[in-house]
Amino acid sequence: MPELPEVETIARSLAKRISGDVIESVWLGSKPEPLKSPAAEIAATLQAKRISTVRRAGKHIVFDLESARGVSSPAQWIVHLGMTGSLLVCGPGVEPATHTHAVLQLASGRELRFVDPRRFGRLSVIENFKAPGSEPLQIAFDGFLALFRKRKTPIKSALLNQSLLSGVGNIYADEALFRARIRPRRRASSLARDELRRLHNALKRVLREAIRLGGSSVSDYVDADGAEGFFQLKHRVYGREEKPCLVCKTAIKRIVIAGRSSHYCPRCQK
DNA sequence: ACTATGTCCTGCGAGC
DNA sequence: TGCTCGCAGGACATAG
């Protein structure tokens with residue numbers, strides 16, 4: 001489900017709602033699948049901690065923890081939502097959704113629930129988490145250029161590689177490439193400097209606008225308040241196979257690159 | 001070191 | 001109505 005704009009939206013709504021709240025108890029589902037750290041370690045790290053901040057790093061949600069007396073702790077709870085994960089703040093009376101894998105009881109009386117049908121999401125605790133790639137909204141153009149200059153892989157695959165850029169997923173890769181007028185199968189190393197300039201700018205514009213609109217709700221994505229995003233209304237190629245290009249009316253094509261569907265306009269994108 | 005492919009899961013809609 | 005198939009916002013392991 002979630003790429004950078006969706007994760008940013010979720011992190012902001014969580015920060016607004018549960019910053020300062022204290023984790024009183026932790027329940028983790030019996031299937032250990034979604035746990036990257038041992039269940040006992042996660043429970044022990046979260047227990048009795050105050051959530052000082054919630055923020056995004058790449059596609060990860062980072063909960064900064066402190067001891068309930070306010071002493072900051074290096075420990076962080078890291079949640080990766082995979083394809084279908086969601087974090088919901090709700091009252092204790094609300095019936096838990098199927099595929100609820102973790103429930104945190106908060107001192108305010110509310111619960112923070114992690115729900116994930118496909119179980120591609122991951123929970124872990126770690127000290128001083130750092131996402132591997134660069135933040136696309138932070139990296140300067142020189143750094144952006146250096147990431148791709150020597151890669152022979154298609155630019156679409158390079159954009160999805162989280163150790164290069166952190167946070168770009170399938171929707172925003174396609175949308176940025178359309179706006180930069182670059183075909184997804186082009187080898188990254190074949191892109192001229194001005195093409196990479198367009199791509200860098202297009203990616204930043206697309207991500208910023210998507211954050212402003214609360215992300216893309218393609219099937220069932222909602223933020224921690226249950227609110228939908230609206231960027232899906234601005235998609236120009238993603239999910240528009242065979243529909244007319246909004247610029248030139250040519251039918252949008254769908255191809256598969258690295259196992260992921262990729263959408264582009266064969267006329268606008270070179 | 002880089003690149004391509006398969007696999008992990010459940011659920012939904014299309015087509016028969 | 002009920003089935004089978006293909007597809008889905010992601011990231012790893014593995015093989016070349």
Side-chain angles (χ1 to χ4, degrees), chain A residues 1-11 29-37 56-61 78-87 97-101 114-124 129 131-133 136 146-177 184-190 203 206-207 210-211 213-224 227-242 253-263:
Chain A
M1 150 203 339
E3 305 181 31
L4 187 154
E6 291 78 31
V7 178
E8 178 72 29
T9 302
I10 293 165
S30 51
K31 287 183 183 162
E33 235 66 40
L35 308 181
K36 245 170 126 176
S37 312
R56 178 193 63 78
K59 293 176 191 170
H60 303 265
I61 297 174
I78 309 298
V79 177
H80 192 294
L81 297 170
M83 293 272 238
T84 54
S86 55
L87 283 164
T98 42
H99 308 298
T100 298
H101 303 301
F114 173 65
V115 181
D116 183 15
R118 281 176 80 182
R119 307 203 340 259
F120 287 173
R122 289 292 177 266
L123 310 181
S124 56
F129 174 78
L147 290 180
F148 302 114
R149 210 160 21 199
K150 293 166 77 176
R151 304 257 156 191
K152 294 199 186 101
T153 196
I155 184 62
K156 169 72 185 279
S157 302
L159 286 170
L160 295 179
N161 183 341
Q162 300 298 295
S163 59
L164 301 177
L165 288 176
S166 200
V168 181
N170 209 31
I171 294 177
Y172 299 100
D174 280 6
E175 293 297 320
L177 286 167
R185 262 214 254 265
R186 287 277 303 281
R187 304 278 134 185
S189 56
S190 78
L203 185 59
V206 152
L207 293 173
I211 290 170
L213 295 179
S216 302
S217 288
V218 171
S219 67
D220 54 3
Y221 155 75
V222 289
D223 72 10
E228 289 189 3
F230 295 98
F231 191 75
Q232 68 280 7
L233 304 174
K234 304 280 184 175
H235 291 177
R236 298 187 192 168
V237 284
Y238 182 83
R240 299 197 63 249
E241 181 184 8
E242 293 303 320
K253 276 196 135 185
R254 177 186 173 277
I255 58 176
V256 174
I257 300 173
R260 313 296 303 279
S261 70
S262 304
H263 313 75

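Below, all heavy atoms of this structure are taken into account, side chains as well, without hydrogens, waters or symmetry copies. Note on naming: letters A, B, ... go to the chains in the order of the sequence lines (proteins, then strands), and numbering restarts at 1 for each one.
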Which part of the nucleic acid, if any, lies within reach of [X] when heavy atoms closer than 4.0 Å are counted: base, sugar-phosphate only, or nothing?
| X | value |
| --- | --- |
| A:Phe231 | nothing |
| A:Ser157 | nothing |
| A:Gly169 | sugar-phosphate |
| A:Pro154 | sugar-phosphate |

Does [N] have OP1 or OP2 under 4.0 Å away from a side-chain N or O of [X]?
| X | N | answer |
| --- | --- | --- |
| A:His99 | B:dC9 | no |
| A:Thr153 | B:dC2 | no |
| A:Thr84 | B:dT10 | no |

Intermediate values then yes/no, side chain to side chain contact (heavy atoms under 4.5 Å, CB included), A:Leu81 and A:Ile10
CA-CA 10 Å; A:Leu81 297 170; A:Ile10 293 165; 3.6 Å; yes
Please give, in whole Å, the distance from [N] [atom2] to [X] [atom1]?
| X | N | atom1 | atom2 | answer |
| --- | --- | --- | --- | --- |
| A:Arg149 | B:dA1 | CZ | C1' | 18 Å |
| A:Phe120 | B:dC8 | CZ | C1' | 5 Å |
| A:Asn170 | C:dG10 | CG | P | 6 Å |
| A:Asp116 | B:dC9 | CG | P | 12 Å |
| A:His101 | B:dC9 | NE2 | P | 11 Å |
| A:Lys150 | B:dT3 | NZ | C1' | 16 Å |
| A:Ile171 | C:dG10 | CD1 | C1' | 12 Å |
| A:Ile155 | B:dA4 | CD1 | P | 13 Å |

For a quick check, tell me whether the side chain of A:Arg118 and the base of B:dC9 share a donor-acceptor pair closer than 3.5 Å.
yes
Candidates B:dC8, B:dT10, B:dA4 - which lies nearest the side chain of A:Arg187
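Nearest to the side chain of A:Arg187 among the choices is B:dA4.
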Side chain of A:Arg151 only, heavy atoms from C-beta on: which candidate in B:dT3, B:dC8, C:dA8 is closest?
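The answer is B:dT3.
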Would A:Thr153 and A:Asn161 satisfy side chain to side chain contact (heavy atoms under 4.5 Å, CB included), going step by step from the backbone distance to the final call?
CA-CA 10 Å; A:Thr153 196; A:Asn161 183 341; over 6 Å; no
I'd like the [atom1] distance from [M] over to [N], given in whole Å.
| N | M | atom1 | answer |
| --- | --- | --- | --- |
| B:dC9 | C:dC3 | P | 24 Å |
| C:dA11 | B:dC12 | C1' | 23 Å |
| C:dC12 | B:dG11 | C1' | 22 Å |

Give me the stems containing DNA chain B, sorted by first residue, counting only three or more consecutive Watson-Crick or G-U pairs with both distances under 3.5 Å; say none if there aren't any.
B:2-8 with C:10-16, B:10-16 with C:2-8
What I'd like to find out is whether the side chain of A:Asp174 reaches to under 4.5 Å of the side chain of A:Arg236, using heavy atoms alone.
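Not in contact.
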Considering only heavy atoms from C-beta outward, does the side chain of A:Glu6 approach that of A:Ser216 to under 4.5 Å?
yes
Can you tell me which residue among A:Leu123, A:Thr84, A:Thr100 is in a side chain to side chain contact (heavy atoms under 4.5 Å, CB included) with A:Asp116?
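Considering A:Leu123, A:Thr84, A:Thr100, a side chain to side chain contact (heavy atoms under 4.5 Å, CB included) with A:Asp116 is found only for A:Thr84.
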Under the side chain to side chain contact (heavy atoms under 4.5 Å, CB included) rule, what do A:Leu213 and A:Leu233 come out as? Steps first, then yes or no, please.
CA-CA 10 Å; A:Leu213 295 179; A:Leu233 304 174; over 6 Å; no
Give me, pair by pair, the N or O atoms of the protein and of nucleotides 11-14 of chain C that are less than 3.5 Å apart, along with how far apart they are.
{"residue": "C:dA11", "atom": "OP1", "partner": "A:His80", "partner atom": "NE2", "Å": "2.7"}
{"residue": "C:dA11", "atom": "OP2", "partner": "A:Lys59", "partner atom": "NZ", "Å": "2.7"}

A:Arg186 side chain to A:Ala188 backbone, donor-acceptor under 3.5 Å:
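Pair absent, no side-chain N/O of A:Arg186 close to backbone of A:Ala188.
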If you look at every heavy atom in A:Ser189 and A:Arg149, which pair is closest and at what distance?
CB-O, 3.2 Å
Report the relative orientation of the aromatic rings in A:His263 and A:Tyr238; use parallel for angles under 30°, tilted for 30 to 60°, perpendicular for over 60°.
perpendicular
Could you check whether the rings of A:His80 and A:His60 sit parallel, tilted or perpendicular, using 30° and 60° as the cut-offs?
perpendicular
